[in-house]
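Computation of the quantities below employed the complete heavy-atom set of this structure, encompassing side-chain atoms and omitting hydrogens, waters and symmetry-equivalent molecules. For ligands, and for the atoms within them, numbers begin at 1 and follow the listed sequence.
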Amino acid sequence: MLKAQETVLEIDLKALKHNFDHLKSKLESNTKFLAVVKAYGYGSDACEIARYLEGLDVDYFAVAYVNEGIKLRKAGIRKPILVLHPQAANFDKLVAHCLEPSLYNAKILNEFIEIATAENQSNYPIHIKFNTGLNRLGFSKNDINYIASKLKGSKAVKVKSIFSHLAASEDLTEKNFTLNQIDSFKNISSNMIESIGYKPILHICNTSGLLNYPDAHLDMVRSGIGLYGFGNSKKENQYLKPIATLKTIISQIHSIEKGESVGYNRGFKSDTFLKTATLPIGHADGIGRQYGNGKGFVTIDGKKAPIIGNVCMDMIMVNITNIDCKEGDEVIVFNNNITAENLAESANTISYEILTAISQRIKRSFLK
Ligand SMILES: *Cc1c(COP(=O)(O)O)cnc(C)c1O
């Protein structure tokens, strides 16, 4: 690895392959793998990640919104792409780019059938989402007859999959709740199959579902965070490799005398002599203000340097009093040793949030 000369997010595609192989090894050979690449591939780079995974044994991709799917198509991705949360306003673009909508209530189902019919589609692949306890998106089990009658009235669409989403698959204290969701999904899907007269792909597991509920893999699993190297538990993290390393450099070093302050609003006031380093990364880059004032930290020469004072838009200042370093030296914000999850925990949040917050102005580089 080259020494950083500016702030850079390095993406290790070998680690991505390692994670994919590990997750695949948990599945029966006929279980399909859907790779979730929403939110810029969890903050990395959706197109590079999807291109790489398309060369492996991935069956499906998912994004949250239509514009994310269009970017993948423009990057040459050919495999099917499920759009988890499409809006009717973009349905014409969705169809034009062969993206497949998740439909979760009567309103959006009808809106989609209308568009697909107007565009003379036949058997356009759709995915029917059921709510089994997350209470976010999804039809209820009482809607099955309604959905079936709508589908019987239209040749424009065909159900490619039926799915649901687990609310607490990473939390083993909620095992009963999760088993209940799985059970309820199995009932719903067998009723749906009976009502529509054919069997679509069934899926309910995200990464933690895949790892913790092997009996619920069904026909396909949907994995996001696991591909990026996090398993939502210490045990599972051992087998995965974080693919992203966020590095920066020291722009300037200051000696702070007793009584001086550091940063906006004099967020830090020193009662002793200390040394600070100013780094070219701030809240506009994804290091939120909640990491300021001693909560978050970076690593320089293998030693922890806490963020001092308030996080600025484009910079942070860190305490380097006991670290032997100079201007231009490399700084690790997170890597596969001090992970994004470790940094996230310092501010009471989760790997998902810090990863997806890494802004687009940070350069990406790829280790192949
Ligand atoms: C984001 C998302 C996933 C992926 O979840 P991970 O925990 O990252 O594996 C799967 N399914 C749905 C519906 C999602 O929104």
Trainee: Given that the side chain starts at C-beta and the backbone is N, CA, C, O, which of these parts of His203 lies under 4.0 Å from ligand 1, counting heavy atoms, or is it both or neither?
Mentor: neither

Trainee: More than 12 foreign heavy atoms under 6.0 Å from CD of Glu28: is that the case here?
Mentor: no

Trainee: What protein heavy atom sits nearest atom 1 (C) of ligand 1, and how far away is it?
Mentor: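 Its nearest protein heavy-atom neighbour is Lys38 NZ, 1.4 Å.
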
Trainee: Does Lys160 make a cation-pi contact with Tyr124 (under 6.0 Å, within 45 degrees of the axis)?
Mentor: no

Trainee: On a heavy-atom basis, which atom in Leu53 and which in Ala35 lie closest, and how many Å separate them?
Mentor: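 Closest approach of Leu53 to Ala35, heavy atoms only: CD1-CB, 3.7 Å.
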
Trainee: Any idea which protein heavy atom is nearest atom 5 (O) of ligand 1, and the distance to it?
Mentor: Asn206 CB, 3.5 Å

Trainee: Only heavy atoms of Arg222, strictly under 4.0 Å: list the atoms of ligand 1 that pass.
Mentor: 9 (O), 10 (C), 11 (N), 12 (C), 13 (C)

Trainee: Taking only non-hydrogen atoms of Tyr352, do any sit less than 4.0 angstrom from ligand 1?
Mentor: yes

Trainee: If you have a sec, work out which protein heavy atom is nearest atom 12 (C) of ligand 1 and how many Å separate them, to one decimal?
Mentor: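 For this ligand atom, the closest protein heavy atom is His165 CE1, 3.4 Å.
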
Trainee: Tell me whether Asn232 has any N or O atom under 3.5 angstrom from an N or O of ligand 1.
Mentor: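 In fact, backbone or side chain, Asn232 has no N or O that close.
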
Trainee: Using a cut-off of 6.0 Å, state whether more than 12 heavy atoms not belonging to Arg78 lie near its atom CZ.
Mentor: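 For Arg78, atom CZ is not crowded (no more than 12 foreign heavy atoms under 6.0 Å).
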
Trainee: Going by the order shown, which atoms of ligand 1 are within less than 4.0 Å of some heavy atom of Tyr42?
Mentor: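 Those qualifying, in numeric order: 1 (C), 4 (C), 5 (O), 6 (P), 8 (O).
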
Trainee: Which of the atoms in ligand 1, numbered in the order shown and given with their element, are less than 4.0 Å from a heavy-atom of Val36?
Mentor: 3 (C), 4 (C)

Trainee: May I ask you to list the atoms of ligand 1 that are less than 4.0 angstrom from any heavy atom of Ile225?
Mentor: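 The list of qualifying atoms is 6 (P), 7 (O), 8 (O), 9 (O).
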
Trainee: Only one of Leu240, Thr207, Asn237, Ile243 forms a side chain to side chain contact (heavy atoms under 4.5 Å, CB included) with Phe230, so which one is it?
Mentor: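 Result: among Leu240, Thr207, Asn237, Ile243, Asn237 is the only option passing the side chain to side chain contact (heavy atoms under 4.5 Å, CB included) with Phe230.
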
Trainee: Under 4.0 Å from any heavy atom of Arg136, which atoms of ligand 1 are there?
Mentor: 15 (O)

Trainee: Which residue is it: Thr339, Leu9, Thr245? I am looking for the one with a side chain to side chain contact (heavy atoms under 4.5 Å, CB included) to Phe334.
Mentor: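 Considering Thr339, Leu9, Thr245, a side chain to side chain contact (heavy atoms under 4.5 Å, CB included) with Phe334 is found only for Leu9.
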
Trainee: Which one holds for Leu84 and ligand 1: side chain close, backbone close, both close, or neither close, with close meaning a heavy atom under 4.0 Å?
Mentor: side chain

Trainee: Report yes or no: do Ser169 and Thr178 form a side-chain donor-acceptor pair below 3.5 Å?
Mentor: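 There is no such pair (donor and acceptor under 3.5 Å, judged by atom type) between the side chains of Ser169 and Thr178.
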
Trainee: Around Lys303, counting heavy atoms of other residues, nucleotides and ligands shown, do more than 12 lie under 6.0 Å from its NZ?
Mentor: yes

Trainee: My understanding is that only one of Phe20, Phe61, Tyr60 makes a ring-ring contact (aromatic ring centres under 6.0 Å, His included) with Phe33; could you say which?
Mentor: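 Answer after filtering Phe20, Phe61, Tyr60: Phe20.
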
Trainee: What residue and heavy atom of the protein are closest to atom 9 (O) of ligand 1, and at what distance?
Mentor: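 Going by distance alone, atom 9 (O) of ligand 1 is nearest to Thr207 OG1, 2.5 Å.
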
Trainee: Checking the N or O distance criterion of under 3.5 Å, is ligand 1 in contact with Gly224?
Mentor: yes

